[in-house]
Trainee: 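Before I ask anything, let me first share the structure, which is written out below as structure tokens.
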Amino acid sequence: MNHRILGLTVRNFRTLTDTKLPLGPLNVMVGPNAAGKSNVLHALEFLGDVARQGIEPALDNRGGFDVLAFRGGRRPVSRISVGVEGIWSDFASAERPDQYELSVSRPRLPEASRARHRMYRRERFTQHPVEEGTTVDLASGSLTVHGPLEAVSRSPYKVGRMTSALQLDQVSARPSDSASVGAIGDLSHHLARIRVFDPDVRAARKPWGISESGDYLNSDASNLADFLRKLKEDEDAWELLLEDVQKVVPQIRDIHLVTPPDAVSHRTAVELEENGLRGRTRLADASWGTVRILCMLALFHDPNPPLLTCIEEIDHGIHPHALSLMAERLREASERSQYLVTTHSPIFVNELEPEEFVPCGRRPSGASVIPARKLRDIRGVIKASEYEPMGNLWYSGSLGGIL
Ligand SMILES: Nc1ncnc2c1ncn2[C@@H]1O[C@H](COP(=O)(O)OP(=O)(O)O)[C@@H](O)[C@H]1O
Ligand SMILES: [Mg+2]
């Protein structure tokens with residue numbers, strides 16, 4: 001199984017009026033504050049929420065349609081779309097990828113009939129079961145399967161007006177024997193696991209109940225202690241993690257996982273052994289950067305990552321000399337799953353390949369331009385500079401994505 005996401009398409013989601021972003025194993029967005037980098041991560045997280053909770057809760061979590069829809073332009077926007085293409089069914093390929101798009105419309109009616117404003121969703125999945133594609137279409141209250149192998153399922157199935165096909169396992173009457181529906185289940189599973197990693201250092205410092213699952217590091221790293229306990233079960237993985245932590249924070253001699261005597265039963269706390277100090281340092285008293293580095297390295301050593309992990313501001317709080325190790329580990333991790341990250345560090349960008357670099361900008365109209373330059377142009381600038389490091393070129397303004 002070599003599932004992956006090859007691209008993201010977004011329309012009218014916050015600043016992303018018309019974004020088509022190809023995705024490789026590792027993608028690093030740079031650009032001014034408020035360029036719309038996080039909005040790209042949020043668009044993916046939105047699809048994750050749709051898969052986990054449904055369309056209406058995913059909209060409500062973000063303040064509803066009107067808060068989420070692009071607020072620029074002459075007239076209010078009436079449709080938001082987010083789509084992905086990639087490989088999640090058996091016969092898809094990079095040349096013939098599977099596709100999924102969700103559109104939510106909110107037609108504008110005259111003020112007097114405002115009460116009649118309703119939302120509609122349309123979802124379209126295209127899979128490639130052999131030669132000819134199959135399309136599963138959800139529009140208003142019905143689901144229709146079109147395709148050569150799906151003749152049986154041609155008649156529409158009734159579904160709720162705002163039910164997402166990503167939650168098809170919750171729809172009772174569905175074409176369960178269809179290969180396309182199986183592929184939708186795979187996509188839904190992947191989207192539901194996408195995480196936008198943005199460690200909350202204050203939460204990560206706290207002991208965590210070991211009754212919670214340590215299999216999966218939460219997006220805010222609040223279960224760091226429990227996740228480390230799980231990682232420690234694999235001695236080799238733990239050894240590698242400790243070596244990395246020591247390279248970045250040489251002060252640290254060892255990391256211990258303990259049950260604090262004063263804690264409610266079954267909690268794990270992290271304690272550090274530091275050079276030159278008697279006793280141990282509780283994570284609660286460790287440096288802010290150390291906690292964040294621990295969160296990042298734990299993530300890179302995750303043995304069971306989701307299909308795609310997004311990381312906010314990867315360089316935040318990390319010494320510039322440590323960034324090459326972080327980039328190296330991130331690239332190794334991107335051989336097992338995909339990463340979409342943001343940074344403001346030219347030093348981190350110096351470690352990247354041109355195809356990993358995504359400059360981002362924003363127009364005076366309020367719309368994001370992502371990517372702000374074509375890969376061909378980026379390569380051209382690098383060549384013309386006689387292969388100056390990419391971070392230096394970006395910082396000097398030659399590659400776009402600057403103020
Ligand atoms: N519905 C919306 N329409 C237009 N712009 C929006 C909307 N919601 C948020 N924004 C804008 O998005 C910008 C923040 O984008 P963000 O992705 O967080 O930037 P960054 O590149 O720093 O991560 C802000 O300027 C904010 O005004
Ligand atoms: Mg941001």
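As the structure is a prediction and not an experimental result, all values here were calculated from the model. Counting convention: from 1, in listed order, for ligands and their atoms alike.
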Trainee: Take a 6.0 Å sphere around CZ of Arg202 and say whether it holds more than 12 heavy atoms from other residues, nucleotides or ligands.
Mentor: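 No.
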
Trainee: I'd like to know whether the aromatic ring centres of Phe46 and Phe13 sit less than 6.0 Å apart in this structure.
Mentor: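 Yes.
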
Trainee: Should the proximity of Ser368 to ligand 1, defined as any heavy atom under 4.0 Å, be assigned to the side chain, the backbone, both, or neither?
Mentor: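 The answer is neither.
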
Trainee: Looking only at heavy atoms, what is the nearest atom pair of Arg193 and Tyr216, with distance?
Mentor: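 Looking at all heavy atoms of both residues, the closest pair is O-OH, 2.5 Å.
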
Trainee: Between Thr343 and Ser345, is any side-chain donor less than 3.5 angstrom from a side-chain acceptor?
Mentor: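 Ser345 and Thr343 do not have a side-chain donor-acceptor pair below 3.5 Å.
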
Trainee: Evaluate Gly72 for polar contact with ligand 1, using N/O atom pairs at a separation under 3.5 Å.
Mentor: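 No.
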
Trainee: Write down the atom of Ala51, the atom of Leu191, and the distance for their closest heavy-atom approach.
Mentor: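 Residues Ala51 and Leu191, closest heavy atoms: CB-CB, 4.2 Å.
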
Trainee: Note the single closest protein heavy atom to atom 2 (C) of ligand 1, along with its residue, its atom name and the distance in Å.
Mentor: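 The protein heavy atom lying closest is Arg14 CA, 3.6 Å.
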
Trainee: Which residues and atoms, protein N, O or S only, are under 2.8 Å from the Mg ion (ligand 2)?
Mentor: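 Under 2.8 Å from the Mg ion (ligand 2) - ignoring waters, which are not counted - the protein N, O or S atoms are Ser38 OG.
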
Trainee: Hey, looking at atom 22 (O) of ligand 1, which of Gly361, Ala367, Ala34 has the closest heavy atom?
Mentor: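 Comparing heavy atoms across Gly361, Ala367, Ala34, the nearest one to atom 22 (O) of ligand 1 lies in Ala34.
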
Trainee: State whether Arg331 and Glu328 are salt-bridged, where the test is any N-O pair (Lys NZ or Arg NE/NH1/NH2 against Asp/Glu carboxylate O) under 4.0 Å.
Mentor: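 No, this pair does not count.
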
Trainee: Assess whether a salt bridge exists between Asp302 and Lys230, defined as any Lys/Arg side-chain N lying under 4.0 Å from an Asp/Glu carboxylate O.
Mentor: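 A salt bridge is absent here (no side-chain N lies under 4.0 Å from a carboxylate O).
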
Trainee: Return the residue, atom name and 0.1 Å-rounded distance of the protein heavy atom closest to atom 11 (C) of ligand 1.
Mentor: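 In this structure, atom 11 (C) of ligand 1 has Thr15 CG2, 3.5 Å as its nearest protein heavy atom.
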
